[in-house]
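First comes the structure, then the notes that go with it.
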Amino acid sequence: MTIILKQIFALLKLLNSDTGENQLAAGIACGLILGFAPVFSLQTILVFIMLFFLRIQMGAAFTSAFFFAFVAYVFDPIFDSIGGAILEMGAFKGLFETLYMMPIIPFTKFYNSVVMGAGIVSFLLFPVIFFVSKGLIVKYRESVVERFKQTKFWKAVKATGFYKWYAKYEELYG
Amino acid sequence: MEQKKNKKLGPVRKGAVVPFLIITIIIVGFNIFLLDKVVKNSIEFFGTKVNGAEVNVGSVVSSFKDLSVEVSNVQFTDAKNPDLNLFAIEKIRFQMMWDALLRAKFVIDESSIEGILTGSKRKSAGKVLSKEEKVAADKEAGPALTSEVLSNAKKEFEGNIFGDISALLSGTSSKDLAKNIEGELKSKKYYEELERTIDQKEKELKSMLDALPKEKEISQYDDRIKAIDWKGMKNIKNAPKILKEANELQKEITGAIKKYDEAYNRVKDEVKFVESSIKKAESLVNEDVAALESKMSIPSLDATSIARILFGAELVSKLEQYNVYFEKAKEYMPPKKEKTVAVVKNPRGKGRDYQFGTPNSYPLFWLKKANISSDNEQTKLKGSLLNLTTDQNVVKAPTTFTLDGDLKNKEISNMKAKIIVDHRENIKDSMSLSIGSMPVRDRSFSKSEGVSFGMKEASLSSMIDAKIEGDVVALSMNNKFSRINYDVEAKNKNVKEILQNVANDTKVVTVDALAKGQIDKLNFKISTNLADAIKNSLGKQLQAKINEAKAKLRSGVDEKLAGNKKQINDKIASLKSKYEGEITKNKNKLSGLTDSLKKNEKSNPLKNPLDSLKKKFKF
């Protein structure tokens with residue numbers, strides 16, 4: 001829980017800073033895969049490994065996973081139709097048979113219509129979400145953050161001793 | 001600060017990679033340098049607990065590449081003789097399947113057990129677990145249910161036939177007759193209790209009889225009958241009154257008769273109760289006599305009883321031994337259970353599962369085949385273990401163990417064993433073991449102060465079949481002892497002579513035994529020519545002595561109970577004569593009164609008023 005809270009605070013900090021838009025966008029895109037996956041499966045573990053080893057913002061990933069899980073709930077019937085259509089495609093039958101017999105691969109639960117549908121949709125949407133969220137973050141920083149920084153309230157806060165102390169702490173240990 | 005801000009961070013978290021690498025190196029290092037040692041120590045630790053004495057492993061070599069393990073020189077110390085090994089195995093090798101392991105299952109495609117030695121000398125004496133350690137290890141293994149279940153069967157076969165015969169022939173068994181009878185007899189207790197019950201019942205009957213109409217009241221009924229003016233019936237005006245009076249009287253008498261009937265039935269019931277109690281007391285007398293016969297060791301001279309005493313205990317111990325293995329098999333390979341269909345509701349749409357053929361499915365553990373082979377100066381064995389698994393329904397085959405060969409150092413030859421453990425549906429286990437020849441030494445049938453009878457040496461050929469289907473156990477055993485060198489010792493000359501005759505007449509002893517039924521309710525059938533020989537050798541002389549002792553015992557018990565029996569018989573006679581007689585007498589009187597009432601009614605019929613009118617007008 002501490003790690004999650006820490007990551008969410010880091011997300012807020014990073015969102016309002018000048019850097020890290022790629023980390024945030026990748027986090028949101030990974031969250032899409034996590035949120036769309038209906039069950040805990042091998043691909044979920046792979047995403048977690050990626051989050052652990054690659055510089056992807058975990059707070060962004062968990063927050064977006066929470067959001068996309070609700071979206072997926074609404075779209076499940078569509079995922080079911082898409083997954084069913086793919087699994088019934090004659091052209092892929094041989095491939096699926098081979099994968100079904102292989103060790104480890106069945107742990108992905110690819111043979112389930114919703115898992116397949118949600119998986120395909122989330123992989124297709126992954127780059128889209130990445131670039132869209134990256135653009136939105138830049139836009140957010142330019143319009144919202146910059147405008148906020150110009151407000152009297154923020155200037156007053158910046159003038160306080162507490163803020164100066166925080167800025168120094170951030171510079172040394174942040 | 002500016003420098004820190006502009007510091008370019010790569011796509012990989014270095015802070016996560018370093019700990020991951022350290023953990024990976026530790027795991028790999030453990031597998032390379034310590035895994036074999038840990039496996040070796042584990043086999044030694046758990047093996048010692050199971051064996052009850054030290055187990056040593058020479059070496060363990062495992063290979064991650066082909067998932068193979070080779071265990072060399074495994075020695076199981078003989079707990080009874082720690083200088084020797086119970087058995088030792090030169091090499092055990094097995095190889096697991098990657099395909100199964102990647103599905104989190106342990107499947108051993110083929111394994112081999114080579115070079116089995118029995119009773120080999122150890123370099124140093126092995127440590128034997130102390131009683132406390134053994135108890136703790138047994139507790140971990142679970143309760144020994146079989147011993148408890150079969151304890152009744154064991155008791156059934158207790159006895160020392162030759163000791164008893166010797167005592168009988170020397171007359172010592174009947175000396176304590178009076179002393180033994182002096183003890184509490186169940187029948188005597190019952191008779192005393194019965195006496196008290198009869199007294200109580202008599203009291204109740206007496207009070208019931210007191211409540212019945214007495215002779216005085218009966219004669220009053222008679223007076224009232226006589227007082228009725230029957231002639232008044234001629235006058236139609238008086239008739240209703242007379243008839244009413246007669247009717248009421250009849251009702252009263254009938255009521256009294258009913259009371260007497262009830263009393264009569266009650267007395268009859270009580271007499272019946274006492275008579276049936278006497279029968280029960282007689283059966284208790286027989287029980288007391290049988291118990292005393294056993295207490296005073298008066299032997300039974302039928303061949304079945306002798307055979308049961310001679311070989312029953314051995315049969316039970318075999319059953320006990322095999323049942324432990326079958327119980328273990330049941331624990332680790334449980335039979336198929338009715339599967340309960342669990343509906344797991346997915347919070348999200350569960351979708352549809354497509355099947356693309358049947359994937360390779362494995363049980364959690366499956367040893368497909370283990371070859372057993374040994375050819376050395378001690379053993380010549382060949383066998384196999386097939387489909388040892390945690391789920392036979394997945395592998396669709398029972399577990400089968402076969403072993404053929406000789407244990408040269410134990411002089412056991414032509415040994416053939418086959419065990420089938422089938423738990424696919426219901427439990428259906430079987431075991432057959434045949435031994436062409438094995439030595440028997442110091443097999444005692446009787447060892448007491450006065451008599452020692454047994455086999456010093458013999459050669460045994462044996463066939464044992466055991467089956468368990470559901471909860472029904474069946475064990476058959478056919479043993480043949482040949483080349484027997486008997487051990488015959490007896491203080492009493494007659495006994496020694498008898499036993500010598502038995503030994504001379506039975507150069508070959510055959511034992512055929514059968515046990516069948518539920519484990520706690522087994523029926524045993526045991527026959528042996530040794531029992532027949534003993535019976536024949538003992539002859540009529542001993543039978544007469546036994547009959548005499550039994551008769552003496554019976555008369556002793558009867559004498560002891562004579563007083564009680566007389567008391568009961570007197571009481572029952574008194575019940576019959578006193579109560580039955582009085583009740584019948586009064587009941588007959590009352591019946592006579594009813595008859596007289598009916599007679600009077602008939603002889604003085606009510607005249608029809610129309611008759612007089614008809615007479616007057618001459619119709």
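A, B, ... follow the sequence lines: proteins, then strands. Residue 1 opens every chain. None of these values were measured; they are calculated from a predicted model.
When each of A/Pro77, A/Ser113, A/Gly84 is checked for heavy-atom pairs under 4.5 Å with chain B, A/Ser113 comes out on top.
Atom CZ of A/Phe70 has 12 or fewer heavy atoms from other residues, nucleotides or ligands within 6.0 Å. Counting non-hydrogen atoms of other residues, nucleotides and ligands closer than 6.0 Å to NZ of B/Lys368 gives a total above 12. Atom CZ of A/Phe92 is surrounded by 12 or fewer heavy atoms from other residues, nucleotides or ligands within 6.0 Å. Within 6.0 Å of the OH atom in A/Tyr140, the count of heavy atoms belonging to other residues, nucleotides or ligands exceeds 12. Atom CZ of A/Phe66 has 12 or fewer neighbouring heavy atoms from other residues, nucleotides or ligands inside a 6.0 Å radius.
Closest non-hydrogen pair, B/Gly351 versus A/Val114, comes out as CA-CG2, 3.3 Å. In terms of heavy-atom proximity, B/Arg13 sits nearest to A/Gln57 at NH2-N, 4.5 Å. The two atoms that bring B/Leu102 and A/Phe107 nearest to each other are O-CE1, 3.4 Å, heavy atoms only.
Under a 3.5 Å cut-off, the side chain of B/Arg352 and the backbone N or O of A/Gly83 do not form any donor-acceptor pair.
For A/Leu51, the part sitting under 4.5 Å from any heavy atom of chain B is the backbone (N, CA, C, O) and nothing else. No part of A/Met116 comes within reach of chain B, as not one of its non-hydrogen atoms sits under 4.5 angstrom from that chain.
Here B/Tyr354 contributes atom OH and A/Glu88 contributes atom CD; the two are 3.5 Å apart, rounded to the nearest 0.5 Å.
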With a cut-off of 3.5 Å and sequence neighbours excluded, list every side-chain donor-acceptor pair involving residues 22-30 of chain A.
residue, atom, partner, partner atom, Å
A/Asn22, OD1, A/Lys134, NZ, 2.9

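Judged as a ring pair (Phe, Tyr, Trp, His ring centres under 6.0 Å), and not counting sequence neighbours, A/Phe67 has no contacts.
Annotation: side chain of A/Phe53 is in contact with side chain of B/Phe20 (closest heavy-atom distance under 4.5 Å).
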